[in-house]
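Working notes, beginning with the structure itself.
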Amino acid sequence: MSFNCRFAPSPTGPLHIGGVRTALFNWLLAKKNKGKYFLRIEDTDKERSKDQFKKQIISSLAWLGIQHDGEEYIQSKKISEHISIAEELLEKGFAYKCYCTEEEINDQKEKCKKQGIPYVYNRKWRDAKDLKIPESVKPVIRFKSKISGNTIIKDLVQGERTISNSTIEDFIILRKDKSPTYQLSATVDDHEMKITHVIRGDDHMINSFKQKQIYDAMGWDVPNFAHIPLIHSEQGKKLSKRDNASTLEDYIKIGIIADALRNYLLRLGWSYKDKEIFTKQESIDLFDLNGVGKSPSKLDMSRIYSINETYIKTINEKDLFHFLKEYISKYKTAIDQSKETVLLKSMNFLKNKAKTLEDIWNNAQYIINDKIKIGVDDKKLIDDLSKKVINDFINEYEKISSLSRETLEPIIKSLIDKHKTNFKGVGQPLRIALVGSRFGPGLYDVILSLDKSDVLKRLKSIL
RNA sequence: GGUCCCAUCGUCUAACGGUUAGGACAGGUGGUUUUCAAUCACCUAAUCGGGGUUCGAUUCCCCGUGGGACCGCCA
């Protein structure tokens with residue numbers, strides 16, 4: 001059996017984290033089964049579709065490492081084919097022209113609302129031999145939905161789903177301006193693209209029942225459906241654009257790395273035993289629809305940070321540095337080559353205190369900025385004794401010919417003895433002078449990462 | 001309101017009729033440490049309620065309760 005999957009977003013806004021997960025699941029299923037994964041841009045809403053969003057969707061997915069097979073499929077280019085299918089359905093008697101005006105429909109909806117009964121289009125023109133066709137009204141084409149019986153979909157995630165056909169109205173497939181609606185376009189395209197597995201959000205369940213009827217009418221094979229539960233906000237509602245941190249961009253901005261987010265999204269709604277960390281290859285090998293749960297899951301920021309931290313500490317430092325550089329070039333100010341060299345050498349300890357790339361950036365500020373800023377509270381900690389300590393350190397430090405942890409350690413120890421204090425009494429003033437804060441990387445790491453002249457300059461300037 | 005659906009620690013989830021209900025994140029306590037972090041050890045914490053079926057229900061069925069999705073000439 002062949003596996004053709006697709007992700008079909010509409011470019012009407014930035015790519016949503018829920019959409020990203022849908023794309024991931026489609027990609028995973030295709031890759032696992034040696035099938036194809038396609039990207040289809042559903043841009044038939046001319047008003048709201050924007051080219052910038054199309055680009056953003058493609059680059060976001062690329063960032064995550066989800067590469068689609070072939071060219072992206074642009075739905076708007078296929079409109080004439082969609083229209084001809086609508087006409088075919090009309091000819092074969094599976095669809096009909098409806099001359100109701102929008103006002104007429106709205107009136108009916110109003111009435112139903114007042115009476116508290118559910119609105120269903122009254123099928124006025126479904127079998128309207130006796131009705132006079134109004135000259136002034138441009139018709140829409142409606143699909144003749146089944147009136148009785150049930151439709152069953154064997155959903156790969158949800159199991160067997162049944163709906164009473166009477167609850168599905170005669171939905172519109174061609175608008176009065178002759179443009180196809182989603183129900184038609186998506187169905188025709190999925191058929192044209194030979195899609196075998198449609199993985200999409202649970203909010204599409206009803207659409208699958210409608211679309212199945214189009215497949216049946218055309219005599220086409222119905223694809224397998226898998227409706228995955230939605231991702232909820234912390235408030236427990238379907239994620240909307242108003243929720244913060246709901247677009248991919250928001251996570252990239254705070255310094256989440258792609259593999260970590262991919263791993264997080266993978267485990268949101270899917271699981272494999274007790275395993276938490278999956279390489280990309282493992283996720284392909286182990287993924288299957290049986291592992292997808294049925295209930296919606298909430299976004300958990302602390303989990304994202306935690307997985308990101310795991311990745312930051314696990315991946316090799318060269319790769320990490322590469323990600324950091326990419327991050328800096330996008331969101332921070334550029335740094336020069338010599339600083340980059342120091343940074344690369346310092347990754348091994350800068351990363352230890354970081355949950356995100358932004359944390360690494362912050363930890364590295366004392367390297368990046370020649371002029372360090374000392375906080376007010378930290379400045380207060382520099383008393384006369386501190387200055388004596390710093391001064392003593394300078395004298396000893398200047399004498400050292402080869403700098404290393406081994407040569408530095410005896411100096412610190414002797415200063416602790418001399419001033420009858422503890423490590424904090426010596427380390428804190430030095431760290432403040434060097435980093436600008438009493439918090440920071442390990443003292444030896446700091447001293448060794450800076451040039452000798454730089455260390456002296458910083459220490460002297462505080463005296 | 002109508003239709004469809006979901007329900008295990010705060011969160012993500014494991015246990016596909018038999019476990020002291022497991023893991024991870026978060027939270028807490030303690031050890032270590034060079035500040036902050038990290039790390040190590042330990043702890044707290046869940047089967048929504050009620051009925052069945054069964055020798056035995058987290059698991060199967062029914063009814064409540066709670067939550068969600070959909071109800072566009074948007075996709």
Side-chain angles (χ1 to χ4, degrees), chain A residues 8-13 42-45 47-49 75 98 100-102 105-106 109 112-113 115-120 138-142 155 158-159 161-164 166-169 171-183 185-186 200-207 209 227 229-230 232 234 236-238 264 267-277 290-291 293-307 309-310 313 349 351-355 359 363 378 381 412 422-424 426-428 430-432 435 437-446:
Chain A
S10 61
T12 54
E42 304 213 326
D43 58 345
T44 52
D45 184 338
E47 302 273 301
R48 297 195 300 148
S49 292
Q75 190 164 62
C98 164
C100 289
T101 60
E102 285 175 68
I105 299 288
N106 286 339
K109 284 185 184 171
C112 287
K113 209 173 178 184
Q115 292 173 40
I117 52 172
Y119 164 78
V120 185
K138 287 179 184 160
V140 298
I141 295 181
R142 285 181 185 270
D155 190 283
Q158 308 288 337
R161 285 288 132 97
T162 308
I163 200 170
S164 165
S166 61
T167 63
I168 301 175
E169 68 166 2
F171 53 93
I172 294 170
I173 55 176
L174 217 60
R175 302 185 185 97
K176 70 177 174 200
D177 67 358
K178 303 252 194 247
S179 65
T181 63
Y182 166 75
Q183 305 295 359
S185 295
R200 61 198 348 179
D202 209 7
D203 50 345
H204 279 286
M205 196 70 220
I206 187 73
N207 294 329
F209 287 110
H227 291 89
L230 301 175
H232 281 176
E234 314 230 342
K237 304 268 190 225
K238 180 181 172 180
Y264 172 75
R267 278 288 285 98
L268 197 61
W270 178 84
S271 63
Y272 177 78
K273 299 181 182 171
D274 278 345
K275 197 168 165 59
E276 299 287 351
I277 302 297
N290 290 337
K294 286 183 174 185
S295 47
S297 34
K298 277 183 194 156
L299 226 37
D300 182 3
M301 245 357 255
S302 65
R303 187 55 156 274
I304 296 176
Y305 281 123
S306 167
I307 293 182
E309 186 178 10
T310 302
K313 288 182 179 160
F349 66 88
K351 72 174 183 180
N352 283 337
K353 295 163 175 287
K355 280 184 154 62
D359 289 344
N363 291 340
D378 295 310
L381 294 170
I412 302 293
N422 52 15
F423 187 92
K424 195 179 173 189
V426 175
Q428 186 165 276
L430 288 173
R431 187 182 286 107
I432 291 172
V435 178
S437 163
R438 61 189 183 281
F439 309 126
L443 187 61
Y444 297 118
D445 286 330
V446 170

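Being a predicted model, the structure only gives us computed values, none of them experimental. Letters A, B, ... are given to chains in the order of the sequence lines, protein chains preceding strands, and every chain is numbered from 1.
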With a cut-off of less than 4.0 Å, is there a side-chain N or O of Lys237(A) near OP1 or OP2 of G68(B)?
yes
Donor-acceptor pair, Gln75(A) side chain versus Thr44(A) backbone, under 3.5 Å?
no
For a quick check of understanding: with a heavy-atom distance under 4.0 Å over all strands, which category does Leu443(A) fall into, base, sugar-phosphate or nothing?
base
To the side chain of Asp274(A), which of A7(B), G23(B), C12(B) is closest?
G23(B)
Using whole Å, report how far CD1 of Ile277(A) lies from P of U13(B).
15 Å
Gln158(A) CD - C6(B) P separation (whole Å)
7 Å
With heavy atoms under 4.0 Å as the rule, sort Lys109(A) into base, sugar-phosphate or nothing.
sugar-phosphate
Is Ser437(A) touching bases, backbone alone, or none of the nucleic acid, heavy atoms closer than 4.0 Å?
nothing
Just call it for Asn207(A): base, sugar-phosphate, or nothing, with non-hydrogen atoms closer than 4.0 Å on any strand.
base
Closest listed nucleotide, where the reference is the side chain of Glu102(A) and the choices are A75(B), C73(B), C25(B):
C73(B)
Kindly indicate whether the side chain of Arg303(A), heavy atoms from C-beta on, has any atom under 4.5 Å from the side chain of Lys298(A).
no
If the C1' atom of A26(B) is compared with that of U44(B), how far apart are they to the nearest Å?
12 Å
For Gly293(A), answer base if it contacts any base atom (sugar-phosphate contacts may also be present), sugar-phosphate if it contacts only those atoms, and nothing otherwise; contact means non-hydrogen atoms under 4.0 Å.
nothing
For the pair made of NZ in Lys355(A) and C1' in C25(B), what is the distance, rounded to whole Å?
10 Å
Please determine, for U54(B), whether a Watson-Crick or G-U wobble partner exists with both distances under 3.5 Å, and give it or none.
none
Tell me what Gln428(A) touches on the nucleic acid: a base, only sugar-phosphate, or nothing, going by heavy atoms under 4.0 Å.
nothing
A75(B), OP1 or OP2 - any side-chain N/O from Thr181(A) closer than 4.0 Å?
no
Quick one: label Ser179(A) by what it contacts on the DNA or RNA (base, sugar-phosphate, nothing), any heavy atom closer than 4.0 Å.
nothing
What does C42(B) pair with, Watson-Crick or G-U, if both distances are under 3.5 Å?
G28(B)
Could you check if a side-chain atom of Asn207(A) sits within less than 4.5 angstrom of a side-chain atom of Tyr182(A), using non-hydrogen atoms only?
yes
What does C16(B) pair with, Watson-Crick or G-U, if both distances are under 3.5 Å?
none
Please give, in whole Å, the distance from A14(B) P to Glu276(A) CD?
11 Å
Nearest of U3(B), A69(B), C73(B) to any side-chain atom of Thr167(A)?
U3(B)
On RNA chain B, compare the nucleotides closest to Arg431(A) and Arg267(A); which residue's is nearer the 5' end?
Arg267(A)
Taking the C1' atom in each of A45(B) and U8(B), what is the distance between them to the nearest angstrom?
12 Å
Nearest whole angstrom, please: distance from the P of U3(B) to the CE of Met205(A).
17 Å
Pick the P atom in C73(B) and in G10(B), then give their distance to the nearest Å.
43 Å
Under 4.0 Å, counting only non-hydrogen atoms across every strand here, what does Cys98(A) touch: a base, just sugar-phosphate, or nothing?
nothing
Nearest to the side chain of Arg303(A), heavy atoms from C-beta on, is which of G23(B), A7(B), A75(B)?
G23(B)
I need the Leu443(A) CG to Phe423(A) CZ distance, nearest 0.5 Å.
5.0 Å
Do the side-chain N or O atoms of Arg161(A) get closer than 4.0 angstrom to the phosphate oxygens (OP1, OP2) of C6(B)?
yes
What is the nucleic acid contact for Lys424(A), judged by heavy atoms within less than 4.0 Å: base, sugar-phosphate only, or nothing?
nothing
Could you tell me the separation between the OG1 atom of Thr12(A) and the CG atom of Asp45(A), rounded to the nearest 0.5 Å?
7.0 Å
Now, which nucleotide makes the Watson-Crick or G-U wobble pair with G1(B), with each of the two distances under 3.5 Å?
C71(B)
Say you draw a straight line from CD of Gln428(A) to CG of Asn422(A); how long is it, rounded to the nearest 0.5 Å?
9.5 Å
Using a 4.0 Å heavy-atom cut-off across all strands, classify Glu309(A) as base, sugar-phosphate, or nothing.
sugar-phosphate
Give me the distance, rounded to whole Å, that separates G31(B) from A37(B) when you measure between the P atoms they each carry.
15 Å
Starting the side chain at C-beta, find the nucleotide from C6(B), A75(B), U11(B) nearest to Asp45(A).
A75(B)
Using a cut-off of 4.0 Å on non-hydrogen atoms, how would the nucleic acid contact of Gly442(A) be classed: base, sugar-phosphate, or nothing?
base
Between U3(B), A14(B), G68(B), which one does the side chain of Ile163(A) approach most closely?
U3(B)
A14(B) C1' sits how many Å from Lys273(A) NZ, rounded?
11 Å
Rounded to the nearest 0.5 angstrom, the CG-CG distance for Leu268(A) and Asp300(A) is 9.0 Å
Considering only heavy atoms from C-beta outward, does the side chain of Arg200(A) approach that of His227(A) to under 4.5 Å?
yes
Base, sugar-phosphate, or nothing for Leu230(A), non-hydrogen atoms under 4.0 angstrom?
sugar-phosphate
Suppose you measure atom C1' in C16(B) against the same atom in G2(B); what distance do you get, rounded to whole Å?
34 Å
Between A26(B) (P) and Lys298(A) (NZ): distance, integer Å:
18 Å
With a non-hydrogen cut-off below 4.0 angstrom, is Lys275(A) in contact with a base, only sugar-phosphate, or nothing?
nothing
Between U35(B), C70(B), C12(B), which nucleotide has the shortest distance from any of its atoms to the side chain of Phe439(A)?
U35(B)
Determine: side-chain N/O of Lys294(A) to OP1/OP2 of C6(B), distance under 4.0 Å, yes or no.
yes
Looking across every strand, which nucleic acid part, if any, lies under 4.0 Å from Pro229(A) by heavy atom: base, sugar-phosphate, or nothing?
nothing
Heavy-atom side-chain proximity of Met205(A) to Asp155(A) below 4.5 angstrom
yes
Identified side-chain contact (heavy atoms from CB on, under 4.5 Å) counterpart of Arg142(A) within the set Ile172(A), Leu174(A), Ile173(A):
Ile172(A)
Integer angstrom distance from the C1' of C43(B) to that of A69(B):
39 Å
Whole-Å distance separating the NE2 atom of His227(A) from the P atom of U3(B)
20 Å
Candidate nucleotides C6(B), A14(B), U13(B), ranked by approach to the side chain of Ser297(A) - the nearest:
U13(B)
Measuring to OP1 and OP2 of C70(B), would you say a side-chain N or O of Lys238(A) lies under 4.0 angstrom away?
yes
Is G49(B) paired to anything, Watson-Crick or G-U wobble with both distances less than 3.5 Å, and if yes, which nucleotide?
C63(B)
Does His204(A) lie flat on the base of A75(B), that is, centres under 5.5 Å apart and planes under 30° off?
yes
Under 4.0 Å between a side-chain N or O of Thr12(A) and OP1 or OP2 of A75(B)?
no
Span that lies between the C1' atom of G66(B) and that of U47(B), in whole angstrom:
16 Å
Separation of the P atoms in A57(B) and U32(B), to the nearest angstrom:
49 Å
